[in-house]
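Have a look at the structure below before the remarks.
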Amino acid sequence: MFIGNYLRTTLSALALLCSALSAEAAGRVIYLTFDDGPLSGTANVLDVLAEEQVPAAMFMVGLHVEASSEQRALLMRAKSLPLVTIGNHSYSHANNRYRDFYSNTDAVVADMLKANTVLGLTPWVHARLPGRDVFRLIDYSKDDLSMDAARYEREVVDYDYVAAMKFLIYGWDFEWAHSGDGKPVQSIDLLLSEIDHLFAYGRFMKRNEMILLMHDEMFQDRFDGKEKLQALIRQLRQRGYVFGDIKQYDPNPYTGTPLRSSSK
């Protein structure tokens, strides 16, 4: 009798623990985001997203779309996937000269609008500014805290003007980094460990929700990109993470509600 009661109590406690862990895991959301496409590697990203049926945001560069018919076809393929959100990552990617780019507000806005035309996007447009970890959403606003005060004062006008043109601007919480040739820096095991640590102790823009930054070029065949991305997604699932749709990150109706003041 005692053993039976003990087993029932133990099993009941284990069930409650599993339930609690499941509830906790269900609240750990990762938003997969990919920058700079279409490039070599984009096709592998699309293959994995379609096979694994996970949502993702792909912030694309207008100039890259125009580079070839193959890259335009990659944009169209991405648009055909219902779980993929196409975002604006500028037309020129600032030509990788960010300080020059953000010294002319009118030019920044014009560059973003030109990318809308190339990408076939109409407001409200999900966007990520080139080279800047900036948020301008309906309910959330944050500036890139890595720059000095003088540079911030100069650039904040650009962020606000772009947002005023009905762009929803997303930064990121964490990056799967890459080297100059596009090769991923962290191994899958290290990346998973870092993500676990950040969810345990980190502070994200939104509690228990991580926007993960990656770049299409990381997933080229020469880096075993398809296999690595698939492994990441599957192992995150095994750890209990869920994947969020970027459109639900800040899901308020887009009715012209003023942005909150900057957090800086």
task = Apply salt bridge (charged side-chain N to carboxylate O under 4.0 Å, His left out) to the pair Asp245 and Lys247, showing each step before the final yes or no.
result = CA-CA 5 Å; Asp245 185 333; Lys247 293 188 291 294; 3.3 Å; yes
Considering non-hydrogen atoms only, spot the tightest contact between [X] and [Y] and give its length.
{"X": "Met60", "Y": "Pro38", "result": "SD-CD, 3.9 Å"}
{"X": "Asp111", "Y": "His93", "result": "OD2-N, 4.5 Å"}
{"X": "Ala78", "Y": "Met58", "result": "CB-SD, 4.4 Å"}
{"X": "Met205", "Y": "Lys142", "result": "CE-CB, 3.7 Å"}
{"X": "Phe101", "Y": "Pro130", "result": "CE2-CG, 3.9 Å"}
{"X": "Asp158", "Y": "Asn104", "result": "OD1-C, 4.4 Å"}

With Tyr91, which residues qualify under ring-ring contact (aromatic ring centres under 6.0 Å, His included), at least two apart?
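Tyr91 satisfies ring-ring contact (aromatic ring centres under 6.0 Å, His included) with no residue once adjacent residues are dropped.
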- Message: Using the ring-ring contact (aromatic ring centres under 6.0 Å, His included) criterion, which residues pair with Tyr161? Sequence neighbours excluded.
- Response: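 Tyr161 satisfies ring-ring contact (aromatic ring centres under 6.0 Å, His included) with no other residue.
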Is there a side-chain contact between [X] and [Y], using heavy atoms and a 4.5 Å cut-off?
{"X": "Arg136", "Y": "Asp143", "result": "yes"}
{"X": "Phe135", "Y": "Tyr249", "result": "yes"}
{"X": "Tyr102", "Y": "Val156", "result": "no"}
{"X": "Asn116", "Y": "Val125", "result": "yes"}
{"X": "Phe204", "Y": "Glu209", "result": "no"}
{"X": "Asp221", "Y": "Asn44", "result": "yes"}
{"X": "Leu236", "Y": "Leu232", "result": "yes"}
{"X": "Arg239", "Y": "Asp196", "result": "yes"}

Salt bridge (Lys or Arg N to Asp or Glu O under 4.0 Å) against Arg99, all qualifying residues, sequence neighbours excluded: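 Testing Arg99 for salt bridge (Lys or Arg N to Asp or Glu O under 4.0 Å), a comparison that skips the adjacent residues, returns none.
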Could you list the residues that satisfy salt bridge (Lys or Arg N to Asp or Glu O under 4.0 Å) with Arg72, not counting sequence neighbours?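 Arg72 satisfies salt bridge (Lys or Arg N to Asp or Glu O under 4.0 Å) with no residue once adjacent residues are dropped.
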If I take atom [atom1] from residue [X] and atom [atom2] from residue [Y], how far apart are they, to the nearest 0.5 angstrom?
{"X": "Ser103", "Y": "Arg151", "atom1": "OG", "atom2": "CZ", "answer": "7.0 Å"}
{"X": "Ser40", "Y": "Gln71", "atom1": "OG", "atom2": "CD", "answer": "9.0 Å"}
{"X": "Leu46", "Y": "Ser80", "atom1": "CG", "atom2": "OG", "answer": "8.0 Å"}
{"X": "Asn95", "Y": "Asp100", "atom1": "CG", "atom2": "CG", "answer": "9.5 Å"}
{"X": "Gln235", "Y": "Gln230", "atom1": "CD", "atom2": "CD", "answer": "11.0 Å"}
{"X": "Leu74", "Y": "Ser68", "atom1": "CG", "atom2": "OG", "answer": "7.5 Å"}

Is the number of heavy atoms from other residues, nucleotides or ligands within 6.0 Å of CZ (Arg154) greater than 12?
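More than 12 heavy atoms, drawn from other residues, nucleotides or ligands, come within 6.0 Å of this atom.
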* So Glu155 and Met147, side-chain contact (heavy atoms from CB on, under 4.5 Å) or not? Walk me through it. -> CA-CA 10 Å; Glu155 294 192 7; Met147 64 185 64; 3.4 Å; yes
Look at the side-chain heavy atoms of Ile, Leu, Val, Met, Phe, Trp and Tyr, link any pair under 4.5 Å apart, and say whether [X] and [Y] land in one connected group.
{"X": "Val185", "Y": "Ile195", "result": "no"}
{"X": "Tyr170", "Y": "Ile138", "result": "yes"}
{"X": "Tyr159", "Y": "Met165", "result": "yes"}
{"X": "Val48", "Y": "Val45", "result": "yes"}
{"X": "Ile246", "Y": "Leu83", "result": "no"}

Does a donor on one side chain and an acceptor on the other come within less than 3.5 Å for His89 and Asp36?
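Indeed, the side chains of His89 and Asp36 share at least one donor-acceptor pair under 3.5 Å.
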Side-chain donor-acceptor pair present, Asp144, Ser146, cut-off under 3.5 Å =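 There is such a pair (donor and acceptor under 3.5 Å, judged by atom type) between the side chains of Asp144 and Ser146.
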Between [X] (side chain only) and [Y] (backbone N and O only), is there a donor and an acceptor less than 3.5 Å apart?
{"X": "Asn88", "Y": "Phe59", "result": "no"}
{"X": "Glu52", "Y": "Ile233", "result": "no"}
{"X": "Trp176", "Y": "Gln186", "result": "yes"}
{"X": "Lys228", "Y": "Ser187", "result": "no"}

Do the ring centers of Phe243 and Tyr31 come within less than 6.0 Å of each other?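 Ring centres of Tyr31 and Phe243 not closer than 6.0 Å.
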Tell me whether the centres of the aromatic rings in Phe199 and Tyr241 are closer together than 6.0 Å.
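Ring-ring flag for Phe199/Tyr241: true, centres closer than 6.0 Å.
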(Q) Between Asp173 and Lys206, does the salt bridge (charged side-chain N to carboxylate O under 4.0 Å, His left out) criterion hold? Intermediate values first, please. (A) CA-CA 9 Å; Asp173 294 303; Lys206 292 180 67 176; over 6 Å; no
Would Arg77 and Asp47 pass as an ion pair if we require N to O under 4.0 Å?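 A salt bridge links Arg77 with Asp47.
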Should the pair Glu51-Arg234 be classified as a salt bridge under the 4.0 Å nitrogen-to-oxygen rule?
->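 Answer for the salt bridge query: yes.
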Parallel under 30°, tilted from 30 to 60°, perpendicular over 60°: which one fits the rings of Tyr201 and His197?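 Plane angle between 30° and 60°, so tilted.
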Please tabulate, one pair per line, all N/O donor-acceptor pairs under 3.5 Å involving side-chain atoms of residues 210-220, not counting sequence neighbours.
residue	atom	partner	partner atom	Å
Asp216	OD2	Thr42	OG1	2.6
Gln220	OE1	Arg222	NE	3.1
Gln220	NE2	Glu217	O	2.8

task = Take Ile169 and Leu137 through the test side-chain contact (heavy atoms from CB on, under 4.5 Å) and record every step on the way to the result.
result = CA-CA 6 Å; Ile169 303 173; Leu137 304 175; 5.6 Å; no
**Request:** Kindly write out the residues that satisfy side chain to side chain contact (heavy atoms under 4.5 Å, CB included) with Glu227, not counting sequence neighbours, or none if the list is empty.
**Result:**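 Per chain and number, Glu227 pairs via side chain to side chain contact (heavy atoms under 4.5 Å, CB included) with Asp224.
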Open item on the list: Using the rule given for side-chain contact (heavy atoms from CB on, under 4.5 Å), can you reason through Phe174 versus Ile30, listing the C-alpha separation, both sets of side-chain angles and the distance that settles it, and then say yes or no?
Closed with: CA-CA 10 Å; Phe174 187 58; Ile30 294 178; over 6 Å; no
* Stepwise side-chain contact (heavy atoms from CB on, under 4.5 Å) test for Tyr152 and Leu145 -> CA-CA 8 Å; Tyr152 162 74; Leu145 304 180; over 6 Å; no
